[in-house]
Amino acid sequence: MYKIAIIGAGITGSSIARVMSRYKNLEILLIEKEIDVGWGATKANTGIIHPGHEDDPEIYPLRAELCVKGNRIWHEWSEELDIPVRWPGELMIAKDEEELDTLKKYRDIGKRNGVPELRIIGKEELRELEAMVNKEAEFALWAPTAGVIAPWEAVIALVENAVDNGVKSHLNTEVEDISVEDGKVSSVVTEKGEIEVDIVINAAGLFADEISKMIGVEDFEITPRKGQYFLFDEEVKKKPSKIIHPTPTAKTKGVYAVQTVEGNLMLGPTAEDLDKGCKDERSTTEEGLEIIWEHSKELLQDLPGKERVSKTFAGLRPEPPEGRYRIESIDDVFGFVNVAGIRSPGLTAAPAIAHRVRDILIEDLSIDLIKEGEWKAEREGIARLSDHKDMRKQKMIEKNSDYGRVVCMCKEVTKAEVLEAVDRIKKIGGKVTLDNVKFRTLALFGFCQGSYCRARIAEILSEELDVPMWDLEVRGEGTEYGIGDVKALQSSEEER
Amino acid sequence: MSEKIVCIMCPFGCEIEAEVKEGELVEIEGHGCEDGKEYAEQELASPKRIVMSVVECKDGNFPTVSVKTSQPVDKKEIEDVMGALSDIEVQAPVKTGEIILKNVCNLGIDVVATRSVKKVQD
Amino acid sequence: MKKEYDCVVIGAGAAGIAAAVRFKELGLEVLMIESKKRSGGIPMQCTHPGFGNFYYDENLTGAEFAERLLDKLEKEDVESITEAHVSSIEYVSDLKKKVEVISPDGIFSLDTKTIIYSTGARERHRFETGIQGDRLSGVYTAGEAQTLMDIYGVMPGKRVIIVGSGDIGLIMARRFALENAKVLGVIEMQPFPGGLTRNVVQCLHDFDIPLYTQKIVKEICGEKRVERVLTAEVDDEMEIVPGSEEVIECDTVALATGLIPYTKILDGMEAEVIMDPVTRGPKVNDYLETSVPGIFAAGNVLTINDYVDFAAYQGEKAAESAEKFVKNDGIPSKDWIEIIRGRNVRSVVPHYISDDDEVTLYVRVKRPEPEVDVIIKESQKKIKTTSVNPGEMLRLNISEEELVGLENEMTLEVKR
C-alpha cells in the first residue's frame, strides 16, 4: 500500500486524483489550500480544449504531445463525468500573405503533432463557417477538433468522481513543509497536522515552485501571468459559433472570441506578467480591458455594446521558465514528482498529464499499480430542472417540490439544486459559501449578477447551515455577507 | 434675511422662501399647501423628522417589521430614537399601525408598525 | 385554478396588483402570478414614505402602500399564486396566449386571452457600470442592501460609499446612516443629483453626507472584502479628467446606478416583442399594448417610474385596455401617431398614440433646464410649462383637442 499526497486540486491535481484512484494499492489524499477545488488558475481561463497545433514539438515536446492526447481523452471524460462540453472547432485567422505563412507554419506543426482534420481555408469557406468573423480576415487555419468546456465544472466533476472512488480530499488545508528522510519523502506538514506519506505529487499550480522548494528543488520560479476577460450576457446575438483567434506569439495564444459552453460571448485574455509575489492579484483594469477590446475588433465584425457586459474578471496562469512543463520525478528525493508550470494548454493536457504521472510512478519509482475491480468511471452532475423537458420536470417536482421553487430567475435555478450543491460541497470537504454554490448551480451567473437572487440564496443557505445570514461567506474567511444584524452598529458594548 | 427651504412633506418638494428679520419669521411663500407652510415654519424654529427604520421581529414571516415614529421628532433626538429601536424586539403577529413602542425616549411620540407580519408556525 | 383566463398578470408589484384588482372590478377572470414567496414587490421593503401621494392622497411608507393594494386584492377575491415562476409565454393567436409556469405543485400551462406583463426592473450591476478592480465581498446593489437590512435584518457594512445619487442611492445613504454606519459619500457622475431635491435634503444634508458630483468610481480594491475605492473626476463629456484619481477607504459599496426593465420572458418569446433601446422596455401604444396583440406592459418594466403611484396607474390602464381587448376581440386598429423624441427628450412612453382620446405620456428629459415649455413641435401647442430635470419624470395629460391636426408623427420637445 502506498500513500500518495497530491498537492493542489486544480485541473491537473484532480485529473491525477481520478486516474490514480483506479489503483487499489494506493491511498490517495488530495490536499488543497483553498476552500474549494479549482480556485487557482483553473477557475478563470478561456476554457478551450485545444487541438494541439500551436506547440512546436521540437521546442515544447511535452506540451505538444500531451495536448493532442488530452484533447482526445476529454471526449470520453466529458461524457463519463457528465461535464457540459461543445466541440465547435477553432479558426486561427490571417489578414494577409504574411500571416498566411504563419498559418502554414502552424498547420505543419499540427501535422507533426498528429492533429486531425487541420487545414487552411480561404475567404469564402471562412465566411460560410463563421458569419461573424472580421471582414478583413482572408484566410484561416481551421481546426475542427477544438472544444469549449467550463473548467470549474470539469474540476468539480473530477474531484467528486475521485472522492467517490476513495480519494480523501483535504480542502482548506495549506501545506507548510514536506519532510524528507534518507533521501525519501516521509511526510507532508500542513497547518492542520502532519501526514505520513510515501509519494508527493506537486500539482500546486501558481505555488508549485514554493512546494518544490520544500524538498530542495529550487531551480524554477513560477511567474503569475494575469489574463483579463469580458463576458457578455447570454441574449447577445453577435457571437461567433466557432472559436476565433489571431496568429499566436511566443508569449501567448492571443485574444480569443469564443462562445462559452453556456452560450455567452467571452473575449480575452490579456497576458500580463506579474511579480512572483503577486499570486493573488486578480484585478481588472481599464487599460487591460481596452487591449482586449481593440484586439477583439480584429476578430469579429461587430462587438456588442459595452452595456451588455455581464462580467469582467481576471485569472492567473502559472508560467514556468521558458514555458516548459516540469513533469518529472526527482532523483535525490525519492517519491516526489513535480507537475509544475502547467500553463496553456494545461486544461487540455490534464488527462494526458495524469496518465504521464502514473507512468512516472510505474517506471521511475518502480511502483506496481494494481487495478481496482470496482472502480466507478462515471459521475452524474447536479440535475437542473431547466435542462429537462416538461414531463421530466413534472416528475422531478413531484419527487421533490423544491425543484418547483425557482430562486434564481435569470438562470431558472431551483431550491433543490442549491441544496444539492451544498451537499456536494460538503461531500468533498469544501466550505459552503455563496461563490461555490454559484459555481455549482449557475445562480448569480445571469443578467442580474445576484442583485435579485443573492439575498434569497443566502436565506436558503442560512437555514440549511443554521448560520446567521451575515456570517455566510461570499468566498472564504474574511468575506462575510454582512457584519451582523441590522442593529449591530447600535448595540451597546455589553450586548456585543 | 431670506432662507430657502425645500419642503420634504411630499415628493413635490416645493421650494419655499422664508423672510427672517431679527430671528422672527416675517413672510413665507412658495409652499404648495398648508402642510408645507407649517413644515417651513417648523424647520426654521426647530427642525423635526419622522424616523423610519426596522425592528427585529420573532416568529414571523419576516425577520423584521418596518416602523416609523407617529410624529416627527426633533432632529437632534434621531440618534437616541434609533438607539431605542435597536434595544427592542417584537413578536409576530404585528399589524400595520400597531404601536410598537409607546412614548419613545420620553418624547411623547409613539413608534408604529408600517408593515404587517404574520405569525409562522415552525 | 382554471385552465383558461381572460387575463394573466405576471408580477405582483404595485403595477401588477393594481392591474389585477382593476381587471377583476371590470368583471373578468384574472390570475396574478408572482415568482417570490410574497406579493407586494419592492415597496414591501421600503421603510420610507413617498408612496400613495397621488393614488391615495396620503404620504405612506412603501409597505403601507403595498398592503393597501394587497387588502384590496383580498377583498375583491382576486385569484393569485406566489412562488410560481413564469418560464415562457407563447403567442398562439390574438386571443390565445400560453403561459408556462413552474411551481412547487408542478409544471402547468395556462391559456389566457391577454397578459399584463409587470415584472418590474432589475438593478444595474457593477460590471455594466464599468467599475473594475477586484471582485470582493462588501459590494452590493442598493436594492440588495435594502433587502438585507429591511427584510432580513442584516447589516451589510459600516463604512459605506454609495454610487449614484438617484432616489434609491439617496434613500440608502440615509438608511445606512440611521443604523449608525458611516456614509463617506454619494458619488454622482452628472453635475447634478439624480433624485428629488427633497431627498437630497432629508437624506444627505440631514446626516452631513457629502455628495460628490462629476465623479465616478473607477475601481473597487481590496484583498477579501472591499478596502477602498478609486474615484476619478469626469468632465461634461463624461471623460475622465487625467490625474484626478483619489482613494476613499471604505468597507462597503452600494451601487445605485440605475434600473433596467426585466424583460427576460418577453425576450424569450418567439413572436417578436419590439423594444425601445432607450428605455430598454417594450414599445407600446396608448393602450399600453406591446407589439404582440393582447400583451400589455405596466410599471417599471415599461418605463422606470419615480413614483410607485404611476406604476399603479399604468397597471390600471393596462387592465382597462385588456378588458377592452377581451370585449372587442382585440384593440380596434387605429391610425397610430408615432411619437418622435425632440429636443431634450430622452424617453416617452407610450410610443404610439391614437388621436381619438386623451392620453397620458410619461416623459424623461436628458438635461435639467429651468422654466421651459414642453410642446408638440408640429403644432407648436404648449402642453406644460415647468422646470425639468432627468431625475423627475413628467406625467403629461394630453387632451383630444391638443392632438387635432396631427398626421402620423408627433414630435415632443422641450423649448426654452
Side-chain angles (χ1 to χ4, degrees), chain A residues 231 235 280 282-286 288-289 306-313 385-386 390-391 393-394 397-398 401-406 409-410 412 414 446-452 454-456 458-459 462 468-470 473-490, chain C residues 35-37 83-85 87 100 102-109 119 122-128 130 132-138 140-144 147-158 179-182 218-221 223-225 240 251-252 255 260 262 264 267-268 280:
Chain A
L231 192 66
E235 293 285 323
D280 262 315
R282 291 180 173 89
S283 50
T284 54
T285 62
E286 196 73 44
L289 292 168
K306 282 221 172 106
E307 76 280 357
R308 304 303 295 271
V309 170
S310 192
K311 192 158 189 180
T312 52
F313 64 98
L385 186 86
S386 54
D390 282 359
M391 274 211 346
K393 279 182 168 139
Q394 180 65 26
I397 297 176
E398 277 168 13
S401 65
D402 277 344
Y403 270 112
R405 296 187 161 90
V406 173
M409 293 195 294
C410 302
E412 268 185 22
T414 68
F447 291 102
C448 83
Q449 288 291 308
S451 52
Y452 267 144
R454 190 163 67 160
R456 246 164 122 176
E459 186 191 5
S462 164
M469 267 175 79
W470 51 83
E473 292 163 6
V474 173
R475 44 174 54 190
E477 205 181 306
T479 66
E480 287 74 25
Y481 196 27
I483 58 166
D485 75 40
V486 69
K487 302 297 175 191
L489 298 175
Q490 310 227 44
Chain C
S35 187
K36 292 215 272 283
K37 276 195 272 199
E83 216 169 19
H85 176 79
S87 60
E100 295 282 321
I102 300 172
S103 84
D105 297 320
I107 306 283
F108 53 89
S109 187
T119 54
R122 65 173 177 86
E123 300 188 88
R124 179 176 275 115
H125 58 70
R126 133 221 200 148
F127 302 109
E128 288 171 299
Q132 304 309 336
D134 304 303
R135 293 158 308 288
L136 309 156
S137 66
Y140 311 83
T141 51
E144 183 190 6
T147 306
L148 285 175
M149 291 172 78
D150 298 333
I151 297 284
Y152 294 111
V154 174
M155 192 62 188
K158 55 181 184 251
E179 300 300 339
N180 232 17
K182 178 94 183 121
K218 245 189 105 175
E219 285 178 27
I220 299 178
C221 312
E223 211 187 295
K224 296 176 190 267
R225 194 189 162 106
I240 292 183
D251 71 359
T252 306
L255 299 158
I260 299 169
Y262 193 66
K264 182 169 193 278
D267 291 331
R280 291 178 76 170

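We name chains A, B, ... by the order of the sequence lines, and we start the count at 1 in each one.
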Contact part of A:Val486 toward chain C, heavy-atom cut-off under 4.5 Å: side chain, backbone, both or neither? both
Could you check if a side-chain atom of C:Glu100 sits within less than 4.5 angstrom of a side-chain atom of A:Lys393, using non-hydrogen atoms only? no
Do you know the tightest heavy-atom contact between A:Ile397 and C:Asp105? CG2-C, 4.3 Å
So which part of A:Glu473 gets closer than 4.5 Å to some heavy atom of chain C, the side chain, the backbone, both or neither? neither
For A:Phe313, is it the side chain, the backbone, both, or neither that has a heavy atom closer than 4.5 Å to a heavy atom of chain C? both
Mind listing the closest non-hydrogen atom pair of C:Tyr140 and A:Glu480 along with its distance? OH-O, 4.5 Å
Side chain from CB out, backbone as N, CA, C, O: work out which of these in A:Gln394 comes under 4.5 Å of a heavy atom of chain C, or both, or neither. both
Using every non-hydrogen atom in the two residues, find where A:Thr312 and C:Arg135 come nearest and quote the distance to one decimal. O-CD, 3.7 Å
With a 4.5 angstrom heavy-atom cut-off, which part of C:Thr147 approaches chain A: side chain, backbone, both or neither? side chain
Hits for salt bridge (Lys or Arg N to Asp or Glu O under 4.0 Å) against C:Glu128, two or more places apart or cross-chain, chain-then-number order -> C:Arg122
A:Arg456 versus C:Ser35, closest heavy-atom pair with distance: NH2-O, 3.5 Å
Between A:Phe447 and C:Tyr262, what is the ring plane arrangement, given parallel below 30°, perpendicular above 60°, and tilted in between? perpendicular
Ignoring hydrogens, what is the shortest heavy-atom contact between C:Val154 and A:Gly482? Give both atom names and the distance. CG1-CA, 4.2 Å
Rounded at 0.5 Å granularity, tell me how far OG in C:Ser137 sits from CZ in A:Arg475. 8.5 Å
Would you indicate whether the side-chain heavy atoms of C:Gln132 and A:Thr285 approach each other to under 4.5 Å? no
C:Lys182 versus A:Leu489: any side-chain heavy-atom pair under 4.5 Å? no
Taking C:Arg225's backbone N and O only, do any of them form a donor-acceptor pair with A:Thr479's side chain (distance below 3.5 Å, no angle check)? no
At a 4.5 Å cut-off on heavy atoms, which part of C:Leu148 comes close to chain A: side chain, backbone, both, or neither? side chain
For C:Phe127 against A:Lys311, the heavy-atom pair lying closest together: CG-CA, 3.5 Å
Would you mind checking which part of C:Lys158 comes under 4.5 Å of any heavy atom in chain A, side chain (CB onward), backbone (N, CA, C, O), both or neither? both
Quick one: CZ on C:Arg124 to OG on A:Ser451, what's the gap to the nearest 0.5 Å? 11.5 Å
Are C:Ile240 and A:Glu286 side-chain neighbours, meaning at least one heavy-atom pair lies under 4.5 Å? no
Sort out for me which of A:Leu385, A:Val406, A:Leu231, A:Thr414 touches chain C most, counting heavy-atom pairs under 4.5 Å. A:Val406
Where on A:Asp280 is there a heavy atom nearer than 4.5 Å to chain C: the side chain, the backbone, both, or neither? neither
C:Glu219 vs A:Ser283 side-chain heavy atoms within contact, under 4.5 Å: no
How long is the gap from NZ on C:Lys36 to CE on A:Met409, to the nearest 0.5 Å? 7.0 Å
In terms of heavy-atom proximity below 4.5 Å to chain C, should A:Tyr452 be classed as side chain, backbone, both, or neither? side chain
Identify which part of C:Glu223 has an atom lying under 4.5 Å from any heavy atom of chain A, answering side chain, backbone, both or neither. neither
Exceeds 12 heavy-atom contacts within 6.0 angstrom, atom NZ of A:Lys306: yes
With a 4.5 Å cut-off on heavy-atom pairs, point out which of A:Asp402, A:Val474, A:Asp485, A:Ile483 contacts chain C the most. A:Ile483
Heavy-atom pairs under 4.5 Å with chain A, option from C:Thr141, C:Ile107, C:Leu136 with the top count: C:Ile107
